[in-house]
Amino acid sequence: MKDAVSLPRAELLPMTEQDLEDVLRIEYRVYPYPWSRANFTDSMVSGYSGWVCRVDGELVGYFVLMMAVDEAHLLNISVAERLQGKGVGALLLEKAMSVAKSDGGRTVLLEVRPSNEKALALYRRYAFRQIGVRRGYYPKAGGREDALVLARDLMEEVCA
């Protein structure tokens with residue numbers, strides 16, 4: 001699949017401990033119920049694949065991917081608010097699928113809030129299909145929100 005976006009001076013790099021302050025700054029701005037520093041640290045210690053996107057040196061997005069045999073689970077993918085809809089999410093998603101495939105993944109799974117229309121549009125553009133619903137998966141003000149479980153077969157070629 002060819003890159004869906006051209007971001008001059010964009011770099012995709014493995015996530016390090018030194019990235020966590022910038023990662024958390026984005027995480028706490030874009031999510032009402034964000035991951036903690038411990039969530040990110042535990043993911044790195046567990047050997048999950050974490051990557052960051054830097055544009056002109058500024059960290060503007062990241063993802064965390066867990067491999068289980070031939071299945072990858074995209075645990076977190078986030079883009080700084082001011083750059084949402086500008087192609088950073090597509091760049092990160094393409095990298096996550098590439099990493100998953102190079103690590104032997106045949107499928108990528110993820111959960112997404114039904115209310116997250118921007119993310120759903122991106123995932124649909126990349127041929128993710130709904131395969132289930134996790135009832136009450138996400139916390140929200142005054143209760144819980146379901147998660148849509150989406151999957152993408154990495155063995156099929158898709159043009160986004």
With sequence neighbours left out, what residues match Ser115 under side chain to side chain donor-acceptor pair (under 3.5 Å)?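 For Ser115 the side chain to side chain donor-acceptor pair (under 3.5 Å) partners, ignoring immediate neighbours, are Glu145.
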Name every donor-acceptor pair, under 3.5 Å, that has one atom in a side chain of residues 96-104 and the other anywhere in the protein, sequence neighbours excluded.
unit_1: Lys101; atom_1: NZ; unit_2: Leu154; atom_2: O; d: 3.3
unit_1: Ser102; atom_1: OG; unit_2: Ser98; atom_2: O; d: 3.3
unit_1: Ser102; atom_1: OG; unit_2: Val99; atom_2: O; d: 3.0

Could you list all the ring-ring contact (aromatic ring centres under 6.0 Å, His included) pairs where at least one residue sits in residues 14-35, not counting sequence neighbours? Trp35-Phe40
Grab the two heavy atoms, one from [X] and one from [Y], that are nearest each other, plus how far apart they are.
X: Trp51; Y: Pro14; answer: CE3-N, 3.5 Å
X: Leu92; Y: Cys53; answer: CD2-CB, 3.9 Å
X: Leu91; Y: Ala10; answer: CD2-CB, 3.9 Å
X: Val60; Y: Ile26; answer: C-CD1, 3.7 Å
X: Arg54; Y: Leu59; answer: NH1-N, 3.4 Å
X: Arg82; Y: Lys86; answer: O-CE, 4.1 Å

For the residue pair Glu111 / Tyr138, report whether a side-chain donor-acceptor contact shorter than 3.5 Å exists. no
Check whether any side-chain heavy atom of [X] sits under 4.5 Å from a side-chain heavy atom of [Y], and report yes or no.
X: Val149; Y: Val133; result: no
X: Leu93; Y: Leu74; result: yes
X: Tyr123; Y: Ile77; result: yes
X: Tyr62; Y: Asp19; result: no
X: Met15; Y: Leu20; result: yes
X: Gln18; Y: Thr16; result: yes
X: Glu94; Y: Tyr126; result: yes

Stepwise, does the side chain to side chain donor-acceptor pair (under 3.5 Å) test hold for Asn39 with Glu27? CA-CA 11 Å; Asn39 292 132; Glu27 182 78 6; over 6 Å; no
Return yes when atom CZ of Arg144 has more than 12 non-hydrogen atoms of other residues, nucleotides or ligands closer than 6.0 Å, and no otherwise. yes
Ignoring hydrogens and geometry, is there a side-chain-to-backbone donor-acceptor pair from Asp146 to Gly136 under 3.5 Å? yes
Polar side-chain atom of Arg129 near backbone of Ala127 as donor-acceptor pair, under 3.5 Å: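 Checking the backbone N and O of Ala127 against the side chain of Arg129, a donor-acceptor pair under 3.5 Å is found.
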